[in-house]
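Just so we're clear, the structure is a prediction, and the values are computed from it rather than from any experiment. We're numbering straight along the sequence, starting at 1.
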Amino acid sequence: FLSHLRPSLTYFVPAVATSVYTVLDKTMLGAITGDMTQSGYYESAHKIVRLLMAAIVSLNVVVGVRTSYLFGQRREGEAREHLLNTYRFMCALAFPLWGGVAAVADGFAVVFFGAEFAATGVLLRLFAPLLFIIGTSNVLGSLYLTPSGQRGRSNRAIITGAVVNLILNVLLIKPYGAYGAVVASVGSGPLETVRMMEVVTSTRSPPTMLERMTLPLATVSEYSSWMLTFLKPLLSRVSRAWLSVRPTTLGIYSMTSPEE
């Protein structure tokens with residue numbers, strides 16, 4: 001039994017630490033501020049970002065199987081190439097989504113959640129960097145550290161990020177409410193990612209690995225800036241059009257819906 005307990009804990013600990021990011025933030029927000037409205041704003045913005053994040057990290061589930069096989073066959077060079085290619089694909093998704101969310105956040109919040117949730121737009125913009133930050137740490141953890149048998153080292157990075165997130169929540173939630181909780185999440189994420197990158201680069205020449213991992217950033221950053229410029233006025237017009245027809249749509253629905 002004990003021989004299986006430690007490997008099981010190796011995979012159990014990161015799941016618990018991840019819960020700190022998703023559950024503890026909202027719990028502390030309600031407990032410290034006593035304002036459930038702030039929790040509602042935070043949860044609404046977090047749901048949208050979590051949905052987009054699922055699309056970004058879903059590829060790792062498939063590629064991780066192949067990477068584990070390559071490490072098992074001691075073909076580490078091919079495994080690293082899979083890591084870099086998946087990272088480039090992740091950047092190609094994460095940066096445009098980051099720019100897109102930042103561009104449409106205000107209008108989207110009003111259209112999707114209603115005018116009373118307008119504050120969610122600011123939270124969405126603050127949350128948007130997590131698409132790249134968590135995407136990077138997920139690629140490093142799922143496609144390199146876990147298949148190469150270094151899950152324990154990645155767990156230390158995850159726990160470090162969770163502890164920093166907890167400390168920042170205590171410091172920032174009371175004066176800033178939901179904004180402080182988002183800043184705490186975004187602020188602790190890079191620490192976890194940097195710790196994981198240190199582990200990865202320690203097994204290979206750091207300049208070479210870092211150069212190859214940062215190569216796609218310039219192109220996707222330029223594309224994200226274009227999206228920010230293009231989509232913001234477009235969604236603004238769509239939002240105004242929706243708000244103009246929304247009362248009529250709701251009126252027709254109330255007239256045609258069967259009475260209870």
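- Separating the CG atom in L143 from the CG atom in N60 is a distance of 4.5 Å, to the nearest 0.5 Å.
- Side chain of T193 to backbone of I133: a donor-acceptor contact under 3.5 angstrom is found.
- A search for side-chain hydrogen bond (donor to acceptor under 3.5 Å, both in side chains) contacts involving R156 returns nothing, not counting sequence neighbours.
- In terms of modelled atom types and a separation under 3.5 Å, the side chain of N165 and the main chain of G161 share no donor-acceptor contact.
- Heavy atoms only, all atoms of each residue included: L168 and A184 are closest at CB-CB, 3.5 Å.
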Practice item. Could you walk me through whether I167 and V163 pass side chain to side chain contact (heavy atoms under 4.5 Å, CB included), step by step? Key: CA-CA 6 Å; I167 295 172; V163 171; 4.1 Å; yes
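- How far CG of L84 is from OH of Y144: 10.5 Å, rounded to the nearest 0.5 Å.
- Checking side-chain atoms of Q38 against main-chain N and O of A178 turns up a donor-acceptor pair under 3.5 Å.
- Scanning both residues, A109 and F117, for their nearest heavy atoms gives CB-O, 3.8 Å.
- The one candidate from V164, T160, L166, N169 that meets the side chain to side chain contact (heavy atoms under 4.5 Å, CB included) condition with S188 is V164.
- You'll find the side chain of M196 reaches within 4.5 Å of the side chain of L145, heavy atoms only.
- Judged by distance alone, the side chains of S185 and D25 do bring a donor and an acceptor atom under 3.5 Å apart.
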Practice item. For side chain to side chain contact (heavy atoms under 4.5 Å, CB included), just list the numbers for L131 and M53, CA-CA rounded to whole Å, side-chain angles, deciding distance to a tenth of an Å, and then say yes or no. Key: CA-CA 6 Å; L131 296 171; M53 184 61 64; 3.9 Å; yes
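- Scanning both residues, A45 and L123, for their nearest heavy atoms gives CB-CB, 3.7 Å.
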Point to revise | Test log, rule side chain to side chain contact (heavy atoms under 4.5 Å, CB included), inputs I48 and F108 | key: CA-CA 10 Å; I48 300 300; F108 177 83; 3.9 Å; yes
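- Between the S68 side chain and the P147 main chain, no donor and acceptor come within less than 3.5 Å of each other.
- Environment of OH in Y176: sparse, with no more than 12 heavy atoms of neighbouring residues, nucleotides or ligands closer than 6.0 Å.
- The nearest pair of heavy atoms linking A128 to V101 is CB-CG1, 4.0 Å.
- Under the 3.5 Å distance criterion, the side-chain polar atoms of S142 are left unmatched by any main-chain donor or acceptor of V139.
- Each of V194 and I159 belongs to its own hydrophobic cluster when Ile, Leu, Val, Met, Phe, Trp and Tyr are linked at side-chain heavy-atom distances under 4.5 angstrom.
- Here the CG-CE distance, from L83 to M90, works out to 9.5 Å after rounding to the nearest 0.5 Å.
- Ring geometry for Y42 against H46 counts as parallel: the plane angle stays under 30°, on a 0 to 90° scale with 60° as the upper cut.
- Atom OH of Y69 sits about 9.0 Å away from atom CD of E78, to the nearest 0.5 Å.
- Considering all non-hydrogen atoms of both residues, P129 and V186 come closest at CB-CG1, 4.2 Å.
- From R75, atom CZ reaches atom OG1 of T67 across 11.5 Å, with rounding to the nearest 0.5 Å.
- Residue P96 comes nearest to C91 through the heavy atom pair CD-O, 3.6 Å, listed as atom of the first residue, atom of the second, then distance.
- One distance of note links CG of L70 with CZ of R66; it measures 4.5 Å at 0.5 Å rounding.
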**Study point:** Test log, rule side chain to side chain contact (heavy atoms under 4.5 Å, CB included), inputs L140 and M197
**Key:** CA-CA 7 Å; L140 295 175; M197 191 169 289; 4.1 Å; yes
